[in-house]
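To start, the structure under review is shown below, and the notes come after it.
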Amino acid sequence: MKVRVQQEDFDVGTEIAAMRRSRPKIGAIASFVGVVRDVNDGDSVATMTLEHYPGMTEKSIAAIIDEARGRWEVLDALVIHRVGTLKPTDQIVLVIVASAHRGDAFAACEFIMDYLKTRAPFWKKEITPQGGRWVDARVTDDAAAERWQQPVSKVK
Amino acid sequence: MKVRVQQEDFDVGTEIAAMRRSRPKIGAIASFVGVVRDVNDGDSVATMTLEHYPGMTEKSIAAIIDEARGRWEVLDALVIHRVGTLKPTDQIVLVIVASAHRGDAFAACEFIMDYLKTRAPFWKKEITPQGGRWVDARVTDDAAAERWQQPVSKVK
Amino acid sequence: MITLLYFARLREALGTGQEQLAQPASVNTLGALRAHLAQRGGAWAKEMAEGRNLRAAVNQTVATADTPVSDGDEVAFFPPVTGG
Amino acid sequence: MITLLYFARLREALGTGQEQLAQPASVNTLGALRAHLAQRGGAWAKEMAEGRNLRAAVNQTVATADTPVSDGDEVAFFPPVTGG
């Protein structure tokens, strides 16, 4: 289980290959990449700057992964979140979950993303033609995280 | 939207990079990699041979992707499925779905995997210490595909 | 002629993956074709028996017993799929 | 001393990201600390006002108004998070 907060880009293939290596119990790897879009709330976005809370951010993500491990069968997990200035089409965040079965891998991966969105201390500032603006938290993100409070059906 | 059935291995990072390139509407990329495990139904697996129905397999997968596009906002999708002889820790299948939003990307990716498992003409033969055996279809795979028949809640 | 294809466990049990069959007069549906093949006896009788969990496609589209079968069609028989 | 941290929009509005504060005698909880900071007036009064949607952590753990605050603690104030 690894958490990395970094300015550098990442490569999904490299990370998945490292996770698979010598781990013959792994049958399913679900992953998610968040990408900077060129439009948000109707305005075009030139660049985006991500700020975090060093220390607490890493601890929060580790706690989210631990919670996922308590709910599903997780053989390994990795979260990489970039900070600093990014532009449209740049990768922001990577979540990879390996499990024996695909149902667990998908559920744990989506759970980690939803919780990361609402619990990990990151803040986005977008530069648009109208100037800089801090992105507001989304009600839909809270709703996405909250649905995991209900009992979840397990499909393996 | 692309479908490839091939003997060669694939690299998730390369495929995701190709999908992202010059596509600034993409905000979310969900992917899944299926991997050969060293144990199935309690027996150790030395190698596995995958057979398919050339022509129908590609058409079936294309139809599954089309169905996903009708249900969720899908900006791009790719399915690669390997055939031939594979060994534990080898990659078998890759599904990538790109969308503006993560809820659509996750749902469409898992849907495609579940339907591929039960609808695309592939057959697995495992070589174990007890000899070769064709893998039986799983009731749990049918259940996983069937749950998509019910109305699906959309979280963006 | 009808092109017949057999896959996976079925291909091995029947000892063939492909054959050309002149359409018998009595065979106008997939169900009738299956019954016709079962009459060959031996492995054919066993594998094509009504109780067997067998899937089929006509011209690469999933088919059922009442799906029409015509001269020139490609008909495939195979076990439930296990990919992914 | 208490270490105070401010992030993102809050950091910009207050014009500072970090300060050391000698613990006032009246301040034993996060809520009391917030009220104390609001009394500085200007941007502080506005940003620390009770109605503002502000989050906080004490020693890097999410905290609420009744969370105890002691000498040596690290207290952070920040807007709702927007990562991912």
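Chain identifiers are assigned alphabetically (A, B, ...) following the order of the sequence lines, protein sequences preceding nucleic acid strands; residue numbering begins at 1 within each chain. Please read all numbers here as calculations on a predicted model, not as lab measurements.
Within a 6.0 Å radius of CZ in B:Arg69, no more than 12 heavy atoms belonging to other residues, nucleotides or ligands are found.
A search for side-chain contact (heavy atoms from CB on, under 4.5 Å) contacts involving C:Glu12 returns B:Lys125, B:Trp134, not counting sequence neighbours. Here C:Phe77 pairs with nothing under the ring-ring contact (aromatic ring centres under 6.0 Å, His included) rule; sequence neighbours left out.
Neither the backbone nor the side chain of C:Arg55 comes within contact range of chain B; no heavy atoms are under 4.5 Å apart. Only the side chain of B:Lys59 has a heavy atom closer than 4.5 Å to any heavy atom of chain C. Interface remark: B:Arg119 contributes backbone atoms only to the contact with chain C (heavy atom separation under 4.5 Å). Within the 4.5 angstrom heavy-atom criterion, only backbone atoms of C:Asn59 (N, CA, C, O) approach chain B.
Taking every heavy atom of both residues into account, B:Val135 and C:Thr82 meet most closely at O-CG2, 3.2 Å. The two residues B:Ala137 and C:Val81 have their closest heavy-atom pair at CB-O, 3.9 Å.
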Report all side-chain donor-acceptor pairs from residues 1-8 of chain C shorter than 3.5 Å, counting only partners two or more places apart or in another chain.
{"from": "C:Thr3", "atom 1": "OG1", "to": "C:Gln20", "atom 2": "OE1", "distance (Å)": "3.3"}
{"from": "C:Thr3", "atom 1": "OG1", "to": "C:Gln20", "atom 2": "NE2", "distance (Å)": "3.2"}
{"from": "C:Tyr6", "atom 1": "OH", "to": "C:Glu19", "atom 2": "OE2", "distance (Å)": "2.7"}

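Under the 4.5 Å side-chain criterion, counting only non-hydrogen atoms from C-beta, C:Glu74 is not in contact with B:Met56. Using a 4.5 Å heavy-atom threshold, the side chains of B:Trp123 and C:Arg9 count as separate.
At a heavy-atom separation below 4.5 angstrom, chain B is approached by no residue within residues 29-39 of chain C.
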